Novice: 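For reference, the structure I am asking about is given below.
Everything numeric in this text was worked out from a predicted model, so none of it was measured.
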There are 2 protein chains.
Amino acid sequence: MNIFQLEVLSTVVERGTFSDAALDLEVSQSAVSRAIAALEAELGVPLLSRGRFGAKLTPVGERVLNHAHKMLDLKEHIDYEVNLEKGLYHSRLRISSFRSAATHLLPASIARFRQQFPSVEVTLSELDPAGVEQSLREGQTDIGLIPLPRSEEFNTIEIARDEYVVLLPKTDSPPPKNLTWEDLSPLSFILFNYAECTSAVKGHWAQCGQSFEVGYVIKEDSTIVSMVAQGLGAAVLPRLAALPIPDGVYVRSLPTRLSRIIGAATLATTPHAPAVKMFLDVLSQKGMFAHQTQA
Amino acid sequence: MNIFQLEVLSTVVERGTFSDAALDLEVSQSAVSRAIAALEAELGVPLLSRGRFGAKLTPVGERVLNHAHKMLDLKEHIDYEVNLEKGLYHSRLRISSFRSAATHLLPASIARFRQQFPSVEVTLSELDPAGVEQSLREGQTDIGLIPLPRSEEFNTIEIARDEYVVLLPKTDSPPPKNLTWEDLSPLSFILFNYAECTSAVKGHWAQCGQSFEVGYVIKEDSTIVSMVAQGLGAAVLPRLAALPIPDGVYVRSLPTRLSRIIGAATLATTPHAPAVKMFLDVLSQKGMFAHQTQA
DNA sequence: GGATATCTATGCGGAAAGCGAATAGAAGTT
DNA sequence: AACTTCTATTCGCTTTCCGCATAGATATCC
């Protein structure tokens, strides 16, 4: 049994006669006749009844065709996999990302992607969000990880949500589990001057009708964590940026939660290469990269 | 692409080497090598990486094999259908049934069965339940429809439940929708002397602590229905036996419901021929005869 | 380093399968 | 009866597939 025979059977049933099926398949009528005869000989049952009226399925032919259709569908899936592989072969994928997403989100995703497509060359550039946008615009980057929302020149999908947390230095008594604005009001804050975090925090405070004292505005997340550990102030920054958090620092949620949305962006006007599409599937856990759930 | 190539691919992966796969498949090692090479040439991608260590799937090979396994499963389904057809061809199915099941239940089932297996010769004998049992014992019947329960010499499956109803003649005022034992106590009843109905009804009355007057005991269900229509009494009999019920007769449920179970029986000691198995599936709406539900 | 073992790939010759063109046979239509 | 339209089969050729034998590569053993 081969795929051609199943295609012949399917087309004969669809067209009604061997002659019309032959035209459709671009082979001779005798090739169609012999393909069907060979299949019937192999299986040992008549699949079609035929005569001057053309050809119609027998009852067992109907049941066989049901399965045959599924096999033809699977052949299309195989062709898809194969064409995907051919499209990806020796292609490349250029990713840009701001630092904490580059450090904490991308490595696992890239590993997973390359497990399936080892021939794709992946590059990862660490840029601030404005740099990521620029690199997308200049065609230097295929996929950029940036905070959302973004302008309409980009197509975006949400990848993760990253909560802003309060880092507090170790003191004689630990801070309460749930902070209030009153707990925070006497504190001096170190803000994270990167990836629009400072403006997000200030906007959030304003929106909550609160005010706070800014002690420092620092670009390096690791420096901020160290300063908190040394008792120089409290900090507010995204959890991913704070990682890894040393023992000498408490982590608490804000009284009113704030999160940033991390998205994957592509340039809206650029058609996606197969590698880009596949990696977007990894990031959003779709298609073959859907999360395995217990059956 | 053909089934043999998919079997080769599957076996190579399972066995680890072309040489071991060749032994398994009872072909030469070079036949295995060329089958794989032909498949890779047709698809245009390498499915296996191989050398002195044997053969391992490439990533695209894994994805292709996933679909290939499903195709091999479908081939087994096709083989099953085909073997089933061969087993059934020119076989026969002998059914015996008591009258109302023969009249009302079997025709649709037999039609459905023969639509799929037109080559099976079906015979239907109408016998009372004792006659059905005897015919099964004597090997003259493959499947018998009889009321349940039955002795352990038979394997049985429940096919339907058939409610005993009260038939009442048309009078100046219609009977209440829900009859009470008081409503029934002044009536004279015509009982159905067939398929253990009389004993079932008497047993039910006794179990409910009631008594009733028996006017007639009649064997013909159509005669009973006519007598009720003529005002000669009320009747208690299974609904299927009463069909078709003319306009001049009211139908009501008993105050305490009574149903008979109609079952399909086969002789416990006899292995089932394929036609018997398939028809039991029709009756119990299993396998390929499962009820279609909206998706 | 050389010999050996074990794996896959390929050449050779023969058998089997598949192709299109042509035609035979059957059945429906005119 | 003649014609049309369908499938099945023959013919001659081409392609594919087979086992046997062997080439080539690589790991193991001495």
Novice: Mind calculating the distance between CD1 (A:I3) and P (D:dT16) to the nearest angstrom?
Specialist: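 Those two atoms, CD1 and P, are 17 Å apart.
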Novice: CG/A:L243 to OG1/A:T103 distance, rounded to the nearest 0.5 angstrom?
Specialist: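 So the gap between those two atoms works out to 9.5 Å.
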Novice: For B:H104, does the NE2 atom sit with more than 12 other heavy atoms under 6.0 Å from it, leaving out its own atoms?
Specialist: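 Enclosed.
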Novice: If I compare all heavy atoms of A:L136 with all of A:T266, which pair ends up nearest, and what's the gap?
Specialist: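 Between these two residues, the closest heavy atoms are CD2-CA, 4.2 Å.
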Novice: Mind checking what makes side chain to side chain donor-acceptor pair (under 3.5 Å) contact with B:D162, not counting sequence neighbours?
Specialist: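 B:D162 satisfies side chain to side chain donor-acceptor pair (under 3.5 Å) with B:R260 only.
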Novice: Taking atom CD1 of B:I146 and atom CD1 of B:I159, what is their separation to the nearest 0.5 Å?
Specialist: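 Nearest 0.5 Å value for the CD1-CD1 distance: 11.0 Å.
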Novice: Verify the contact: side-chain N or O of A:R50 to OP1 or OP2 of D:dA8, cut-off strictly under 4.0 Å; return yes or no.
Specialist: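 A:R50 to D:dA8 OP1/OP2: side-chain N or O found under 4.0 Å.
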Novice: Please list, one pair per line, the donor and acceptor atoms closer than 3.5 Å that link side chains of residues 36-46 of chain B to other protein atoms, with sequence neighbours excluded.
Specialist:
unit_1, atom_1, unit_2, atom_2, d
B:E40, OE1, B:R50, NH1, 3.3
B:E40, OE1, B:R50, NH2, 3.1
B:E40, OE2, B:L47, N, 2.9
B:E40, OE2, B:L48, N, 3.3
B:E40, OE2, B:R50, NH1, 2.9
B:E42, OE1, B:M1, N, 2.7
B:E42, OE2, B:M1, N, 2.9

Novice: Can you find a donor-acceptor N/O pair under 3.5 angstrom joining the side chain of A:Q29 to the base of D:dA8?
Specialist: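 Side chain to base: pair present.
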Novice: Using a 4.0 Å heavy-atom cut-off, write out nucleotides 25-30 of chain D from 5' to 3' as B (base contacted by protein), S (sugar-phosphate only) or - (no contact).
Specialist: -BS---
Novice: Taking atom OG1 of B:T156 and atom CD1 of B:I143, what is their separation to the nearest 0.5 Å?
Specialist: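 Reported value, rounded in 0.5 Å steps: 12.5 Å.
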Novice: Please enumerate all residues that pass side-chain contact (heavy atoms from CB on, under 4.5 Å) together with B:Y80, with sequence neighbours excluded.
Specialist: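 side-chain contact (heavy atoms from CB on, under 4.5 Å) check on B:Y80 returns B:L84, B:M278.
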Novice: Is the closest side-chain heavy-atom distance between A:F154 and A:L267 below 4.5 Å?
Specialist: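 Yes. Closest side-chain heavy atoms under 4.5 Å.
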Novice: Heavy-atom count around B:R137 CZ within 6.0 Å, excluding the residue itself: above 12?
Specialist: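 Yes.
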Novice: For nucleotides 15-18 of chain C, tabulate all protein N/O to nucleotide N/O atom pairs closer than 3.5 Å, reporting atom names and distance.
Specialist:
none

Novice: Return the residues of residues 10-28 of chain B meeting this criterion: a heavy atom under 4.0 Å from some atom of DNA chain C. Order them by number, or give none.
Specialist: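 Within residues 10-28 of chain B, the residues near DNA chain C are B:T17, B:F18, B:S19.
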Novice: Could you tell me the separation between the CD atom of A:E40 and the C1' atom of D:dT7, rounded to a whole number of Å?
Specialist: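 To the nearest whole Å, that distance equals 12 Å.
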